[in-house]
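Down below is the structure, laid out as structure tokens.
A note on names: the letters A, B, ... follow the listed sequences, proteins ahead of strands, and every chain is numbered from 1.
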There are 2 protein chains.
Amino acid sequence: MTYQEMPAVRGGSALVALADPTRRALLDMLRGRPLPVGELARQLPVSRPAVSQHLKALKAAHLVHEHRQGTRHYFSLNPSGFAELRRYVDSMWENALTTFAAYVSDQQDIQRTRRRDR
Amino acid sequence: MTYQEMPAVRGGSALVALADPTRRALLDMLRGRPLPVGELARQLPVSRPAVSQHLKALKAAHLVHEHRQGTRHYFSLNPSGFAELRRYVDSMWENALTTFAAYVSDQQDIQRTRRRDR
DNA sequence: AGTTAAGGTGAGCTATGACTTACCAAGAGA
DNA sequence: TCTCTTGGTAAGTCATAGCTCACCTTAACT
């Protein structure tokens with residue numbers, strides 16, 4: 001890697017985390033309320049350890065938050081990871097819009113020139 | 001996979017695409033203006049075919065847009081992929097905020113109860 | 001037509017990431 | 001204290017994503 005990653009998304013760990021469908025499913029289950037590991041695992045086609053490992057990744061990416069209550073480990077959505085992602089996606093989106101607009105007006109210039117030359 | 005992926009992000013291909021650091025670097029290079037494949041490859045530590053393959057993935061995810069001019073293939077940011085991502089991230093972020101708020105007020109209830117019982 | 005520039009595709013290699021099984025730790029309750 | 005529940009960790013397996021090299025196509029220029 002000779003290029004240093006742009007400011008982008010602090011290491012991109014959130015994006016890496018979101019690339020996995022099982023992890024996205026976990027996040028979707030947590031939309032409503034905090035849920036313990038076992039309950040999450042029960043609704044997924046993978047083993048509990050797998051879920052545990054996924055939650056670890058999501059936590060490292062600041063996408064979920066853990067609070068324990070006895071032996072139960074509850075996980076809930078963590079706004080901070082999503083807030084950061086929002087900033088990244090928004091800025092890319094804005095850049096996309098402006099370069100797209102520039103492209104469109106360039107095309108219009110080309111069309112005009114062609115009509116004139118015909 | 002017994003669980004069907006939630007509405008989420010139409011197959012999640014954009015998220016998968018964004019998980020790779022080289023692809024994120026490509027997108028960052030395209031923030032300013034459309035660029036041809038060779039120019040992109042020259043600034044990256046990977047071969048031109050690798051860049052070609054990455055661009056293919058980005059295009060499939062509607063994150064870039066291709067327009068050819070002679071033998072040159074120009075790539076530019078495509079707003080549509082980012083717009084879709086924005087919707088997904090925004091909705092997750094909102095859910096995160098509300099469940100977080102609920103969690104905080106629950107904790108306050110618990111604190112109050114403890115104080116009362118002491 | 002021959003040649004050069006630009007870029008996509010296919011085959012094969014390798015590293016890594018998602019899974020499983022087996023095991024260990026720690027609260028809760030008898 | 002014994003045991004049942006809940007969950008994290010380690011080790012090993014397997015599939016796949018990202019890379020390179022070699023090759024083919026197409027447009028531009030002589």
Side-chain angles (χ1 to χ4, degrees), chain A residues 1-3 5 8 11-30 33-61 63-76 110, chain B residues 1-5 8-9 11-30 33-61 63-76 110:
Chain A
M1 292 275 170
T2 92
Y3 66 91
E5 177 129 19
S13 66
L15 287 168
V16 173
L18 286 171
D20 183 83
T22 301
R23 283 196 289 264
R24 284 199 298 277
L26 282 169
L27 293 173
D28 275 325
M29 290 184 223
L30 295 176
R33 64 179 192 293
L35 250 32
V37 179
E39 185 138 354
L40 292 165
R42 227 170 297 128
Q43 308 182 49
L44 288 175
V46 299
S47 69
R48 187 188 46 72
V51 169
S52 218
Q53 289 158 18
H54 281 307
L55 288 169
K56 189 178 181 179
L58 290 171
K59 194 178 167 188
L63 292 173
V64 301
H65 173 263
E66 179 181 4
H67 67 106
R68 311 192 171 186
Q69 206 165 293
T71 76
R72 287 219 163 79
H73 298 201
Y74 283 88
F75 286 85
S76 48
I110 291 167
Chain B
M1 295 274 169
T2 93
Y3 66 91
Q4 53 269 57
E5 178 130 19
V9 177
S13 66
L15 286 169
V16 172
L18 286 171
D20 184 82
T22 301
R23 283 195 289 264
R24 284 198 299 275
L26 282 169
L27 293 173
D28 275 323
M29 290 184 221
L30 295 176
R33 64 180 193 289
L35 251 32
V37 180
E39 185 137 354
L40 291 166
R42 228 171 295 127
Q43 308 182 49
L44 288 176
V46 299
S47 70
R48 187 188 46 70
V51 169
S52 219
Q53 289 159 17
H54 281 306
L55 289 169
K56 189 179 182 179
L58 289 170
K59 194 177 167 189
L63 292 173
V64 301
H65 174 264
E66 179 181 3
H67 66 107
R68 310 191 173 188
Q69 205 165 292
T71 75
R72 288 218 161 79
H73 298 200
Y74 283 88
F75 286 85
S76 48
I110 290 167

Within the pair B/Arg23 and D/dG18, is there a side-chain N or O less than 4.0 Å away from OP1 or OP2?
yes
To the nearest angstrom, how far is A/Phe75 atom CZ from D/dT6 atom P?
15 Å
Can you see if the side chain of A/Thr71 gets near the phosphate of C/dG27 - specifically, an N or O under 4.0 Å from OP1 or OP2?
no
Separation of D/dT20 atom C1' from B/Arg48 atom CZ, nearest Å, is 12 Å
Closer than 4.0 Å, any side-chain N/O of B/His54 to the OP1 or OP2 of D/dG18?
no
OP1, OP2 of D/dT9 versus side-chain N and O of A/Lys56: anything below 4.0 Å?
yes
To the nearest Å, how far apart are A/Tyr74 OH and D/dT6 P?
10 Å
From the options C/dA22, D/dG18, C/dG8, select the nucleotide whose nearest atom is closest to the side chain of A/Pro49.
C/dA22
Which of these, A/Leu30, A/Leu18, A/Leu55, A/Leu26, sits in a side chain to side chain contact (heavy atoms under 4.5 Å, CB included) with A/Leu63?
A/Leu18
How long is the gap from CG on B/Leu35 to CZ on B/Arg72, to the nearest 0.5 Å?
10.5 Å
A/Ala60 to A/Ser13 - nearest heavy-atom pair and separation
O-OG, 4.4 Å
Provide, to the nearest angstrom, the distance between the CG atom belonging to A/Leu55 and the C1' atom belonging to C/dG17.
16 Å
Assess whether one donor atom and one acceptor atom, taken from the side chain of A/Arg72 and the base of C/dG27, lie less than 3.5 Å apart.
no
Between B/Val16 and B/Arg23, the two heavy atoms sitting closest are O-NH2, 3.4 Å
Touch check for A/Pro36, heavy atoms < 4.0 angstrom, all strands: base, sugar-phosphate only, or nothing?
sugar-phosphate
Integer-rounded Å distance: D/dT20 C1' and B/Leu44 CG:
15 Å
In this structure, how many angstroms lie between the C1' atom of D/dT6 and the CZ atom of A/Arg42, rounded?
10 Å
Nearest heavy atom decides the nucleotide; on that basis, is A/Gln53 or B/Ala19 closer to the 5' end of DNA chain D?
A/Gln53
Look at A/Thr22 and C/dC19 and indicate whether a side-chain polar atom (N or O) is within less than 4.0 Å of OP1 or OP2.
yes
Just call it for B/Glu39: base, sugar-phosphate, or nothing, with non-hydrogen atoms closer than 4.0 Å on any strand.
nothing
Without swapping roles, check the side chain of B/Arg48 against the backbone of B/Gly38 for a donor-acceptor pair under 3.5 Å.
no
Between B/Ser47 and D/dT20, does any side-chain N or O lie under 4.0 Å from OP1 or OP2?
yes
Whole Å only: how far is the CG atom of B/Leu58 from the C1' atom of C/dG8?
15 Å
When you check the phosphate oxygens OP1 and OP2 of C/dG8, does a side-chain N or O of B/His73 lie under 4.0 Å from one of them?
yes
Distance in Å, A/Gln43 CD paired with A/Met29 CE, rounded so as to fall on 0.5 Å steps
5.5 Å
Between C/dT9, D/dG7, C/dC19, which nucleotide gets closest to the side-chain atoms of A/Val46?
C/dC19
What is the distance, to the nearest angstrom, from the CD atom on B/Gln69 to the C1' atom on C/dA5?
15 Å
Nearest-nucleotide check on DNA chain C, A/Ala50 vs A/Gly70; residue mapping nearer the 5' end is A/Ala50
